[in-house]
Amino acid sequence: MQFKTASSPHIPQQNNVQGLMFKVLLAMVPGTIAMIVFFGWGVLINIILASVVALSAEALMLWIRKRPIKPYITDGSAILTACLLVLALPQLAPWWLTMIGTLFAIIVAKHLYGGLGFNPFNPAMVGYVVVIISFPKEMTQWVPPLLEGYTHLTFTETLNIIFGGDLPLAYTWDAITMATPLDTVKTQLGLELSINEIENHKEYGGIFGSVGGFGWEWVNGLFLATGCYLAVKGIIDWRIPAGLIAALLVLSNTFALYDYASFAPPTFHLFSGGIMLAAFFIATDPVTAATTTKGRWLYGAGIGVFIFIIRTWGAYPDGIAFAVILMNMAAPLLDYYTMPRAFGHSWTEFPHHHKADDDEQ
Amino acid sequence: MTRSSHQLWRFHGGLKLESNKAISTQSPIVKARLPKRLVIPVQQHIGEAGALLVKKGDKVLKGQVITQSNEYVSAPVHASSSGTVIDIDEYPAPHPSGLNTLCVVIETDGEDKWVELQPTNYVKTKSPAELRQLIRKAGIVGLGGAAFPTAVKVNPGPQAHIETLIINGAECEPYISCDDMLMREYATELISGCGIIQYMVSATHCLIAVEDNKPEAVKAIQTVISEQALHTIEVVSIPTIYPTGGEKQLIKVLTQKEVPSDGFPSDIGLLVQNVGTAVAVHKAVVLGEPLISRIVTVTGEGVKQPQNMEVLIGTSMSELIEQSGGYHDDACKLIMGGPMMGFTLQTDHLPIIKGCNCLLVENKPEETPATMPCIRCGACASVCPAQLLPQQLFWMASSKNFEQVQDYHLFDCIECGCCAQVCPSQIPLVQYYRFAKTEIWSQERDRIKSDHARVRHDFKQARIELEKKERAEKLRKKKELLEKKKIAEAAAKNDTPETEVDPKKVAIEAAMKRVQDKKAAKQTNNTSSDE
């Protein structure tokens, strides 16, 4: 009898990339539904649009690069990129903006660097940076949350705005869009208002909700909850969100204690914008993150620090994408300098120590 | 009672695996039938193979030594039963390479007649060196799978002081249960073997480590220890985490110490021996029996009656399978060793060797999932018991960066397979590490070879130079001789009473002349007239 030969181990493996990606996608569902509820149909329309574009671009690039299409197109990574990008875009972003962002993410940031596993920068964040730098006006088309006193668009109206670019007769852009809480804080602080005055302003104070902005609290809360589930299950590494949140908490708290009138409180920072999405779903992209345990703490913390800096002193209302890309750059370096001590070795005989010795000689 | 008070530590990473041991521990160890033919490879251990002591046609007795080596790191092999040597030739042997190796083929006569054995009744009347010699002669090698000559291992050198002897009964690989059954059924022999090794290396303590999924084994050993009221031997139940049976991992669990990467357990006062080896030591010393059989687990979903068998070395695997009820129809993979570190065999027409602890037959028509690129998730690093960065090693190995891969401690990898097991991209990581190791070894060999060639070349040049010099010297001597003759002739001509002078004087004069000659090389012909 002749038997098959194979390399050990011989126990079937339990994990696969596809499974991981779909678990992450699944965990994004509750937060995404909350976004649709609070911010309208634009979120859903853009997700569908971006997913179709992402899958097409993925298939095209795989075909051009002569890679097997089926295993890669079904790995879920393209849809994940599309969803992460869309959740960061304003709900009324025109179709071409979403498309450009998605195409750039998949074609340039992912495939031109070698496809899944080889991209140094988070594709969704690269896509986001491209559109926010190129089309700042369209990137302000956020809709007000589901609050009394604001205009809410129907599905058809939203569809028309996104694809037609034209407003229904009764509306003006000012009536259907408004700045996000983060943006509002930034602008009004620039006008010498205090945090307290901004949050209690009679015109726009309502959007601040109880901690991080009306609606945003729910979105972030749900992303936090499902993100924790992923971390407990070991699907994402808990150190990255822990580092990110800890850094943001410490910095925002320190500054708010120092001057509570000019710096938003930590609760606002943590529950406003896309922080929990960034912490648990974007920063944890393993391909572009640091890989060592210590490196992941530092990587997460670095993103938290940059988010705070950009939010507080930068030119953009939120700095997640820039913070993530900046730390993507640092990831290889973090890995190198945080290498664990191998079993039976002492701390002093690290490769970089060797290298340093060689240089001296 | 089985819970030991011994403090335990954890090693990094590892996996909790489905043990699947119970399927082969339902019945006691079965003695395999005496086969008609034994194929005994001369090389079954790490180190040098011995030279043959028998030839085709020789009658041999059970336990008769058939190879012998003078090399230090080596082990003899013995005839596993009585019979006739019918062939000595290259035969397929169980080895990952699948290559043939020199084997002695014995046709058994059915009498199973022993050579005269020399038992030792009082172990302590013998010195450790004498006992080592007995172990050496018995051909004992590490039976945990590595097959390193035991006589070498129990001689850590005069500088080393062994504080604790660790007996490895962890048996962490799924499916394998030969050590479990051995501990249950040969606990007395095991304790005796432990005592002998302990005495040999003068270890203060002996710890027998058993994973907590083998309570019967722990109980059996504990009973013997209690009965004999032994105070220096202790059985320790350790958590079941693969690969806790790895030597370095086991040491970490029991002592918190780490064996230095470039060192041996003896450097930190420890010696580790497998339980099967300890029993073999007992047999060799107390009974005088060489290592001619071992316990083999025949198991897996692909075999009808999984069980443990006591098997003569050289018995064909196919006979063991047959005696275990044969294959199920869907059997598709035959593995020697466990599912994590064992290697696949193409055929079962291979002999059982000393290092063969398990035959695992898998039936799962394992659909090989498509390998995806590494997504750097780091799952591999989190389970690596050697605390390496498997994914980094993978990148380097696949880009053939053999220098850097060593900087990242490739050679500390124990190939346990944990990383490959958890890899979501299904990358056969261990295969890459083996590839890199083999490449590095072969480069090293090439380097040594070229160094050797260079040395040889230099030597040849030096020899030519030397020959030239020697030729010149010869020529010079010939000339001298000629000179002497001339001097003698001249002296004869003079015919003075001083003819019969002391030959020393003549020699001195001749020497002086030579000096003068050299000074006036061209006037050599005038020397006689000068006188």
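Naming: A, B, ... by sequence-line order, numbering from 1 per chain. The basis for the numbers below is simple: all heavy atoms, side chains too, and nothing from hydrogens, waters or symmetry mates.
- The contact between B/Ala420 and chain A is made by backbone and side chain atoms together, counting heavy-atom distances below 4.5 Å.
- Ranked by non-hydrogen atom pairs under 4.5 Å with chain B, the options A/Asp335, A/Asp285, A/Thr288, A/Thr293 are led by A/Asp335.
- There is no contact between B/Ala379 and chain A, counting heavy-atom distances below 4.5 Å.
- The candidate with the highest count of non-hydrogen atom pairs below 4.5 Å against chain A, out of B/His349, B/Gln406, B/Gln431, is B/Gln431.
- Nearest heavy-atom pair across A/Gly344 and B/Glu258 is N-OE1, 2.8 Å.
- The local environment of OH in A/Tyr72 is crowded, with over 12 non-hydrogen atoms from other residues, nucleotides or ligands closer than 6.0 Å.
- Each of A/Asp237, A/Asp75, A/Asn16 has some count of heavy-atom pairs under 4.5 Å with chain B, and the biggest count is that of A/Asn16.
- Within a 6.0 Å radius of CZ in B/Phe435, more than 12 heavy atoms belonging to other residues, nucleotides or ligands are found.
- To the nearest 0.5 Å, atoms CG (B/Leu388) and CZ (A/Arg341) are separated by 11.5 Å.
- With a 4.5 Å cut-off on non-hydrogen atoms, A/Asn119 does not touch chain B at all.
- Using a 4.5 Å cut-off between heavy atoms, B/Gln391 contacts chain A through its side chain alone, with no backbone atom that close.
- Using a distance-only test at 3.5 Å, with no hydrogens or angles considered, a donor-acceptor pair links the side chain of B/Arg376 to the main chain of A/Ala289.
- For the atom pair CD of B/Gln392 and OH of A/Tyr336, the computed distance is 11.0 Å after rounding to the nearest 0.5 Å.
- Here the CZ-OG1 distance, from A/Phe3 to B/Thr344, works out to 11.0 Å after rounding to the nearest 0.5 Å.
- Between B/Pro385 and A/Phe343, the closest heavy-atom pair is O-CD1, 3.8 Å.
- Among B/Asp412, B/Asp262, B/Leu17, the residue with the largest count of heavy-atom pairs under 4.5 Å with chain A is B/Asp412.
- Atom NE2 of A/His10 sits about 10.0 Å away from atom CE of B/Met340, to the nearest 0.5 Å.
- With hydrogens and angles ignored, the 3.5 Å screen pairs no side-chain donor or acceptor of B/Gln426 with any backbone N or O of A/Val17.
- Counting heavy atoms of neighbouring residues, nucleotides and ligands inside a 6.0 Å radius, atom OH of A/Tyr113 does not exceed 12 of them.
- When all heavy atoms of A/Ser7 and B/Arg434 are compared, the pair lying nearest together is OG-NH1, 3.4 Å.
- Both the backbone and the side chain of B/Lys248 come within contact range of chain A, judged by heavy atoms closer than 4.5 Å.
- Atom CG in A/Leu116 sits 9.5 Å away from atom SG in B/Cys374 (nearest 0.5 Å).
- In terms of heavy atoms, B/Cys377 sits closest to A/Pro286 at CA-CB, 3.5 Å.
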Quiz item: Can A/Leu20 and B/Ile375 be said to form a side-chain contact (heavy atoms from CB on, under 4.5 Å), step by step?
Solution: CA-CA 11 Å; A/Leu20 289 184; B/Ile375 56 165; 4.2 Å; yes

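- With a 4.5 Å cut-off on non-hydrogen atoms, B/Val422 touches chain A through its backbone and its side chain both.
- Here the closest heavy-atom approach between residue A/Pro12 and residue B/Gln421 is recorded as O-NE2, 3.2 Å.
- Chain A forms the most heavy-atom pairs under 4.5 Å with one residue out of B/Leu345, B/Val361, B/Leu429, B/Leu360, and that residue is B/Leu345.
- Listed here is the closest heavy atom pair of B/Gly342 and A/Ser8: O-CB, 3.3 Å.
- The candidate with the highest count of non-hydrogen atom pairs below 4.5 Å against chain A, out of B/Trp395, B/Phe11, B/Phe343, is B/Trp395.
- Using a 4.5 Å cut-off between heavy atoms, B/Leu334 contacts chain A through both its backbone and its side chain.
- Side-chain atoms of A/Pro71 and B/Met372, non-hydrogen and from C-beta on, do get closer than 4.5 Å to each other.
- Within the 4.5 angstrom heavy-atom criterion, only side-chain atoms of A/Thr292, from C-beta onward, approach chain B.
- One finds the CD1 atom of A/Ile11 at 8.5 Å from the OH atom of B/Tyr242 (value rounded to the nearest 0.5 Å).
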